[in-house]
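Below you'll find the structure, written out as structure tokens, and then a few comments.
What you see is a predicted model; the values in this text were computed from it and never measured. So you know, we letter chains A, B, ... as the sequences are listed, proteins then strands, and number each from 1.
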There are 2 protein chains.
Amino acid sequence: MADRSAGDGTVGKALEVLDRVAAFGRPVRFTELLDGSPYPKATLYRFVQTLTNQGMLSYDPERQTYAMGIRLVRLAHAAWHQSSLAPIARPHLDALAEEVGETVHLAQLDNAQVLYVDKRNASRPVEMFSSAGKVGPAYCTGVGKVMLAYLDEAILAPILEQQSYHRFTEHTLTDADALRTELRAIRQNGYGFDREEHEPGIICVALPILTAGGRALGAISVTSTVERNSLAGLEKLVPRIQETARAIAAVSRDWGFPDQHTSNRQVETN
Amino acid sequence: MADRSAGDGTVGKALEVLDRVAAFGRPVRFTELLDGSPYPKATLYRFVQTLTNQGMLSYDPERQTYAMGIRLVRLAHAAWHQSSLAPIARPHLDALAEEVGETVHLAQLDNAQVLYVDKRNASRPVEMFSSAGKVGPAYCTGVGKVMLAYLDEAILAPILEQQSYHRFTEHTLTDADALRTELRAIRQNGYGFDREEHEPGIICVALPILTAGGRALGAISVTSTVERNSLAGLEKLVPRIQETARAIAAVSRDWGFPDQHTSNRQVETN
DNA sequence: AAACCGAGTTTCAAATAATGGAACTCAAAT
DNA sequence: ATTTGAGTTCCATTATTTGAAACTCGGTTT
């Protein structure tokens with residue numbers, strides 16, 4: 001995982017702590033954070049204090065545990081509106097989901113991870129935050145691979161190298177070379193599949209949402225199971241999904257969506 | 001609005017900038033942030049740089065604007081799971097919403113503001129982040145007043161004083177004294193109303209979700225309009241809502257929910 | 001009962017990072 | 001060609017962060 005906080009001073013270090021807490025997925029004790037932390041006790045302690053004061057963490061004095069703070073929920077609300085494709089894409093996603101009768105995902109790339117920003121579950125009603133905000137590996141999901149396929153080589157290379165490839169299923173692509181071949185194929189076709197690479201029995205087709213400049217703002221996927229459908233079956237939906245992707249791209253252009261979304265200026269100089 | 005960042009060093013200041021950007025509700029230019037900022041150009045510039053590097057803000061080089069970053073969405077996902085009542089309360093909220101056939105809200109308090117963490121819309125399907133994460137004033141909403149009513153005087157006093165009371169409707173309580181009277185009544189009854197105090201035509205009943213220690217973890221409300229219903233009508237639902245509130249409180253206790261949620265140690269000493 | 005332990009907290013001089021006034025760049029407006 | 005204003009960089013000064021060590025305080029062991 002790329003070290004995001006490299007060289008970003010105190011703020012970067014503090015935010016890194018937030019990520020750590022998030023990674024636990026449950027309330028954590030101070031000591032749990034301490035081991036595995038690059039910072040000495042007193043330093044980490046002050047970070048955690050500050051973050052708690054700031055509402056970015058919440059502290060349970062009884063159990064002496066820290067959890068993610070609700071201020072984040074408020075900030076994310078703004079983020080979701082300002083910076084995600086979700087609000088723009090909503091009507092298009094609704095329509096697509098209804099027509100194809102399968103689960104539809106909308107995802108964006110965040111620091112080499114797939115971030116799901118919206119979801120339409122054909123049958124069930126939507127599950128709020130439980131799905132939006134969820135992250136997953138990029139290299140073994142339909143949306144992930146499709147977005148990687150349209151990344152600049154300069155950004156892609158370090159991601160592929162630093163990635164640790166976990167074999168989720170027997171179909172998972174587990175090295176950079178295999179993935180590179182796959183990405184080339186995706187660029188050629190304009191769409192990609194998940195061939196049970198992440199979960200057995202789960203397949204999907206995914207298409208990028210491309211800017212005029214050919215950059216992927218995000219991706220849409222239609223997911224199914226091997227029982228209900230097949231890759232060939234999903235492939236038939238490509239034109240319909242393409243239409244949605246184009247529509248979303250068009251609206252985002254009008255709405256002035258950045259052509260390059262996350263900017264990483266300041267090339268490392270140390 | 002209480003200055004949260006008081007005395008929290010660089011991290012606090014940087015996070016304050018995040019709030020500013022969030023407040024705009026749209027991508028902002030650097031200059032827009034600059035005026036009204038307590039920091040000189042160079043300083044603010046570095047904050048924004050750092051936050052952008054960190055993925056907490058995203059930068060659109062073409063339009064030269066900053067927006068909330070998607071990393072927040074990921075962090076909030078964790079926050080919502082770990083620190084909000086929403087996942088715990090979900091089934092209870094579902095049941096309540098279905099039975100009463102009106103819109104149900106679940107809210108928590110964040111820095112003297114009401115933060116909606118979940119919502120059930122009787123008719124319409126749920127709107128993802130668009131409702132969860134939304135904030136509102138505490139002093140003129142049902143959930144807000146109910147939570148304020150169970151706050152410790154030491155925490156309540158500064159909130160009531162520092163609050164700027166905007167008259168949203170002719171029924172809005174616009175000073176601390178009126179609000180104090182109202183809060184006393186709420187503690188007496190165990191529930192409170194919104195009598196078109198925030199929006200004309202919109203009324204609701206709200207009940208606190210109380211810990212054994214008598215602290216409000218959050219609040220539930222059932223909302224309606226004056227056309228469809230009345231305060232008396234909503235009052236009839238109190239026992240049913242009470243039941244839900246108790247159930248949620250019970251589950252959170254089992255699940256080990258903090259009795260005091262946001263801790264503000266470190267009393268100002270400068 | 002005294003000593004010990006380990007988690008959490010506080011202290012303070014040294015080390016480091018943040019600060020902000022001023023100067024610079026560059027594109028657009030005059 | 002000149003002005004203007006937004007955005008960016010520089011760097012000596014200043015304030016904050018750092019982290020080793022010491023302390024507190026339940027609970028446990030000797």
Side-chain angles (χ1 to χ4, degrees), chain A residues 3-18 20-21 24 27-54 56-67 256 258 260 263-270, chain B residues 3 5-18 20-21 24 26-54 56-67 256 258 260 263-270:
Chain A
D3 189 3
R4 204 170 207 165
S5 73
D8 267 327
T10 318
V11 177
K13 295 175 207 162
L15 292 177
E16 200 187 338
V17 174
L18 265 192
R20 289 201 112 76
V21 177
F24 274 87
V28 256
R29 292 196 91 89
F30 175 70
T31 316
E32 296 184 275
L33 285 174
L34 186 56
D35 32 75
S37 159
Y39 310 109
K41 208 168 25 161
T43 303
L44 182 66
Y45 183 70
R46 253 174 308 101
F47 280 145
V48 164
Q49 289 275 84
T50 303
L51 290 170
T52 304
N53 266 323
Q54 291 296 321
M56 304 296 279
L57 290 178
S58 73
Y59 178 64
D60 175 353
E62 196 181 328
R63 311 197 162 213
Q64 297 186 124
T65 55
Y66 296 89
Q260 173 167 347
S263 82
N264 260 39
R265 82 224 29 210
Q266 267 184 20
V267 182
E268 219 84 334
T269 346
N270 9 324
Chain B
D3 189 3
S5 73
D8 267 328
T10 318
V11 177
K13 294 176 208 162
L15 292 177
E16 200 187 338
V17 173
L18 265 191
R20 289 199 110 78
V21 177
F24 274 89
R26 58 169 174 82
V28 256
R29 293 195 92 86
F30 175 70
T31 316
E32 296 183 276
L33 285 174
L34 186 55
D35 32 73
S37 160
Y39 310 110
K41 210 172 18 165
T43 304
L44 181 67
Y45 182 71
R46 252 173 309 101
F47 279 146
V48 164
Q49 288 276 82
T50 303
L51 290 170
T52 304
N53 265 324
Q54 291 296 321
M56 304 296 279
L57 290 178
S58 74
Y59 178 65
D60 175 355
E62 195 181 331
R63 312 198 163 214
Q64 296 186 124
T65 54
Y66 296 90
Q260 174 166 345
S263 81
N264 260 39
R265 83 226 27 212
Q266 266 185 18
V267 182
E268 218 83 334
T269 348
N270 9 324

*asked:* To check you understand the geometry: which heavy-atom pair defines the closest contact between A:R20 and A:P38, and what is its length?
replied: NH1-CD, 4.2 Å
*Please report the closest heavy-atom contact between A:L44 and A:Y39, naming both atoms and the distance.*
N-CB, 4.2 Å
*Rounded to the nearest angstrom, tell me the gap between atom CD in B:Q64 and atom C1' in D:dG5.*
12 Å
*Rounded to the nearest Å, what distance is computed from the OH atom of residue B:Y59 to the P atom of nucleotide D:dA6?*
14 Å
*Flag the pair A:T10 / A:F47 as yes when at least one side-chain heavy-atom distance between them is below 4.5 Å, and no otherwise.*
yes
*Please name all residues satisfying side chain to side chain donor-acceptor pair (under 3.5 Å) with A:Q64, sequence neighbours left out, ordered by chain then number.*
none
_Phosphate contact (C:dG6 OP1 or OP2) by A:T31 side-chain N/O below 4.0 Å_ = no
*Nearest heavy-atom pair of B:R29 and B:E32: which atoms, and what distance?*
N-OE1, 2.7 Å
_Distance check needed: D:dC10 C1' versus B:Q49 CD, whole Å only._
14 Å
N/O to N/O distances under 3.5 Å, protein versus nucleotides 26-30 of chain C:
none

*Compare every heavy atom of A:P40 with every heavy atom of A:L34, then report the nearest pair and how far apart it is.*
CD1-C, 4.3 Å
*Do any side-chain nitrogens or oxygens of B:Y45 fall under 4.0 Å of OP1 or OP2 in D:dT9?*
yes
*Can you give one letter per nucleotide of nucleotides 18-25 of chain C, going 5' to 3': B for a protein heavy atom under 4.0 Å from the base, S for sugar-phosphate only, - for none?*
SBBB----
_What is the separation between atom CG on B:L34 and atom C1' on D:dT8, rounded to the nearest whole Å?_
13 Å
_Distance check needed: D:dA6 P versus B:Y66 OH, whole Å only._
14 Å
*Let me see the working for A:F24 and A:L33 under side-chain contact (heavy atoms from CB on, under 4.5 Å), right down to the final yes or no.*
CA-CA 9 Å; A:F24 274 87; A:L33 285 174; 4.0 Å; yes
_I need the CZ-P distance between B:R29 and D:dA6, as an integer number of Å._
9 Å
*So which heavy atom on B:Y66 is nearest to which on B:V21, and how close?*
O-CG1, 4.2 Å
*Taking atom CG of B:L15 and atom CD of A:Q54, what is their separation to the nearest 0.5 Å?*
5.0 Å
